[in-house]
Amino acid sequence: MEKTYAAISDQALVDLTRQLIAIPSPNFEEGAVADFIGERMARTGMDVQMMPVEHPDQPGKVTRQPIGRLRGAGGGPTLMFNGHLDVAAMMPGWSVDPLKGKFEDGWIWGHGAQDDKGGLAAALVGIEAIVATGIRLKGDLLYCPVATHKLGGTGTRVMLKKGVQADYCINIEHSANTIGSVIVGSIRVKIRTTTPGLFFRFTKEARDTYFNSIEQQVLCLQAFGPSLQAVPEGSWLAFERHPELRDFPMIRHDAIHKDHYGRWCELIFQIRTVPGMTLASVRSDVARVIDGIKKRHPRFDCEVTIPAGGPEDPFYMEPSALADEHPLVRALADGYRAATGEAPLVGSVERIGNFGDGNVLHAAGIPSVQFGPGNIKRYPEWPAPDERVHIDELRTTARTCAYAAISLCG
């Protein structure tokens with residue numbers, strides 16, 4: 001490991017992060033940065049497949065992502081590094097040029113610096129260091145900088161459908177280099193209430209059948225409770241409180257819509273779920289609430305869709321959890337100690353309330369944790385201007401990822 005660490009230079013970390021920042025890559029416009037990093041992966045000795053990614057809702061709209069494999073000697077497990085090339089929305093208020101990758105006092109500033117370009121750069125520099133030292137692992141390393149993560153992990157979902165598999169995955173996400181082994185899920189609920197479309201001229205008989213669709217939604221808002229507060233145990237959701245997620249499950253009301261003279265009104269809210277909760281259990285819980293409303297208000301008329309976007313809703317994420325003794329968690333924890341001399345923080349920690357492509361991979365049978373540089377708590381809100389990452393964080397990420405790769409893949 002000392003030889004590998006010596007091959008991880010601060011200059012390489014800074015240079016690659018700045019190069020990635022300088023290439024704009026909004027959602028579904030990742031082609032240029034995909035080409036750049038794909039060429040770098042090939043020079044490292046990876047077999048690279050440039051994979052097209054089609055938009056799930058807009059036929060004909062296509063981007064691309066490079067999937068790289070560093071082949072081992074055989075007989076070992078495959079470790080995947082997964083992070084995203086697309087960046088968050090460009091927020092106003094930057095004090096520096098967001099595409100210049102300014103480097104000053106150890107900080108690299110720029111759009112995507114921590115989400116996820118800095119982490120992707122660190123993981124790749126870690127892999128390059130393994131190659132530079134002449135180490136031949138038994139297992140393969142997969143390096144997967146995916147496109148269109150911001151659209152519910154579309155790039156990762158496409159990758160899985162095309163047969164990419166691994167035994168473990170480090171999902172490069174900004175976690176302040178804590179080890180995110182317990183991650184919430186997400187289920188969106190859509191409730192459409194309906195009522196007869198009456199004007200102000202009507203009969204008593206017609207009025208007796210009328211229940212305004214907006215006023216029906218008031219009952220839903222009251223029944224499901226307020227946003228961003230922990231759902232109490234023993235209330236409408238069935239769950240067991242997880243010790244790492246004391247404030248969850250939690251809901252957030254996201255959208256409500258009604259046309260001027262329309263007969264219907266739609267409410268969409270999301271539930272951040274905890275391990276043990278399932279799509280079936282949430283459907284049952286919501287149905288029980290709706291049945292209770294109908295019993296109290298016989299004119300209540302609604303249709304419920306869960307997940308809100310249908311069976312292929314990209315924002316449906318299953319929660320995930322790995323025990324501290326799991327080989328992937330243990331390898332990262334040992335790697336963090338070796339890289340920093342300090343004890344790691346393991347669990348939900350800085351990823352509380354957040355999910356990522358690791359959820360998608362975990363649900364597909366690939367045990368995953370979230371780990372990477374950057375701390376979302378630096379900013380009053382997220383996304384934010386003046387996104388930045390520190391070289392110390394990048395170095396820790398690169399060393400920890402290299403250690404985990406050697407430990408797991410032999």
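Keep in mind that this is a model prediction, so the values were computed, not measured. Because only heavy atoms are used, hydrogens play no part in the values below, and waters and symmetry mates are left out as well, while side chains stay in.
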Shortest non-hydrogen contact from [X] to [Y]?
| X | Y | answer |
| --- | --- | --- |
| S368 | H362 | N-ND1, 3.4 Å |
| N359 | P319 | ND2-CA, 4.1 Å |
| I256 | Q217 | CD1-CB, 4.1 Å |
| A384 | Y379 | CB-CB, 3.6 Å |
| M317 | G152 | CE-O, 3.7 Å |
| T273 | S186 | OG1-N, 3.8 Å |

Donor-acceptor under 3.5 Å ([X] side chain, [Y] main chain):
| X | Y | value |
| --- | --- | --- |
| S175 | G372 | yes |
| R388 | D386 | yes |
| Y143 | L120 | yes |
| T400 | T397 | no |
| K258 | G262 | yes |
| N171 | G358 | yes |
| D15 | A12 | no |
| E29 | P24 | no |
| Q65 | A147 | yes |
| D116 | G83 | no |

[X] vs [Y] aromatic rings, parallel, tilted or perpendicular, using cut-offs 30° and 60°?
| X | Y | result |
| --- | --- | --- |
| H111 | W94 | perpendicular |
| F300 | F211 | perpendicular |
| H257 | W264 | tilted |

Nearest 0.5 Å, please: how far is [atom2] in [Y] from [atom1] in [X]?
| X | Y | atom1 | atom2 | answer |
| --- | --- | --- | --- | --- |
| L245 | I183 | CG | CD1 | 8.0 Å |
| F224 | I271 | CZ | CD1 | 7.5 Å |
| T195 | R299 | OG1 | CZ | 8.0 Å |
| L20 | I37 | CG | CD1 | 5.0 Å |
| S213 | L267 | OG | CG | 12.0 Å |
| D301 | Q216 | CG | CD | 6.5 Å |

Return yes if a side-chain donor-acceptor contact under 3.5 Å exists between [X] and [Y], otherwise no.
| X | Y | value |
| --- | --- | --- |
| H149 | D86 | no |
| E393 | N177 | no |
| S407 | D334 | no |
| D324 | S181 | no |
| H84 | D115 | yes |

Is the shortest side-chain N to carboxylate O distance from [X] to [Y] below 4.0 Å?
| X | Y | answer |
| --- | --- | --- |
| R64 | D35 | yes |
| D140 | R69 | yes |
| R252 | D254 | yes |
| R395 | D10 | yes |
| K204 | D208 | yes |
| D291 | K294 | no |

**Message:** Would R399 and Y5 count as a cation-pi pair here, with the cationic atom under 6.0 angstrom from the ring centre and within 45° of the axis?
**Reply:** yes
Answer whether the closest heavy-atom distance between the side chains of [X] and [Y] falls below 4.5 Å.
| X | Y | value |
| --- | --- | --- |
| F371 | E173 | no |
| I191 | E303 | no |
| T78 | L141 | no |
| L394 | V389 | yes |

**Request:** Report the C-alpha distance between Q370 and R351 in whole Å, list the side-chain angles of each, state the deciding distance to 0.1 Å, and finish with yes or no for side-chain hydrogen bond (donor to acceptor under 3.5 Å, both in side chains).
**Result:** CA-CA 8 Å; Q370 297 180 9; R351 295 299 294 172; 2.6 Å; yes
**Request:** Carefully, step by step, assess E30 and T63 under the rule side-chain hydrogen bond (donor to acceptor under 3.5 Å, both in side chains).
**Result:** CA-CA 6 Å; E30 301 93 344; T63 186; 2.7 Å; yes
For [X], does the [atom1] atom sit with more than 12 other heavy atoms under 6.0 Å from it, leaving out its own atoms?
| X | atom1 | answer |
| --- | --- | --- |
| K162 | NZ | yes |
| Q165 | CD | yes |
| E233 | CD | yes |

**Message:** Please determine whether side-chain hydrogen bond (donor to acceptor under 3.5 Å, both in side chains) holds for the pair N27 and T148, giving the CA-CA distance in whole Å, both sets of side-chain angles, and the decisive distance to 0.1 Å.
**Reply:** CA-CA 5 Å; N27 188 261; T148 190; 2.8 Å; yes
**Prompt:** Do E128 and R40 pass the salt bridge (Lys or Arg N to Asp or Glu O under 4.0 Å) test, and can you show the C-alpha distance, the side-chain angles, and the key distance before you say yes or no?
**Reply:** CA-CA 10 Å; E128 290 173 341; R40 175 87 173 233; 2.7 Å; yes
**Prompt:** Can E266 and R192 be said to form a salt bridge (Lys or Arg N to Asp or Glu O under 4.0 Å), step by step?
**Reply:** CA-CA 4 Å; E266 278 187 353; R192 172 179 280 216; 2.9 Å; yes
**Message:** Before you tell me yes or no, could you show the steps for R272 and F355 under side-chain contact (heavy atoms from CB on, under 4.5 Å), namely the whole-Å CA-CA distance, both residues' side-chain angles and the distance that decides it to 0.1 Å?
**Reply:** CA-CA 9 Å; R272 294 293 168 99; F355 50 79; 3.3 Å; yes
**Request:** Report the C-alpha distance between D259 and Y261 in whole Å, list the side-chain angles of each, state the deciding distance to 0.1 Å, and finish with yes or no for side-chain hydrogen bond (donor to acceptor under 3.5 Å, both in side chains).
**Result:** CA-CA 6 Å; D259 289 338; Y261 286 119; over 6 Å; no
**Request:** Start with the C-alpha distance between D313 and R188, add both sets of side-chain angles, then the distance that settles salt bridge (Lys or Arg N to Asp or Glu O under 4.0 Å), and finish with yes or no.
**Result:** CA-CA 9 Å; D313 189 336; R188 296 192 306 161; 3.1 Å; yes
**Message:** Run the salt bridge (Lys or Arg N to Asp or Glu O under 4.0 Å) test on E54 and K61 for me, step by step, so that the C-alpha distance in whole Å, both residues' side-chain angles and the decisive distance to 0.1 Å come before the verdict.
**Reply:** CA-CA 6 Å; E54 298 182 0; K61 189 172 184 179; over 6 Å; no
**Request:** Take V286 and V304 through the test side-chain contact (heavy atoms from CB on, under 4.5 Å) and record every step on the way to the result.
**Result:** CA-CA 9 Å; V286 172; V304 179; 4.0 Å; yes
**Message:** Just checking H242 against F248, ring centres under 6.0 Å apart?
**Reply:** no
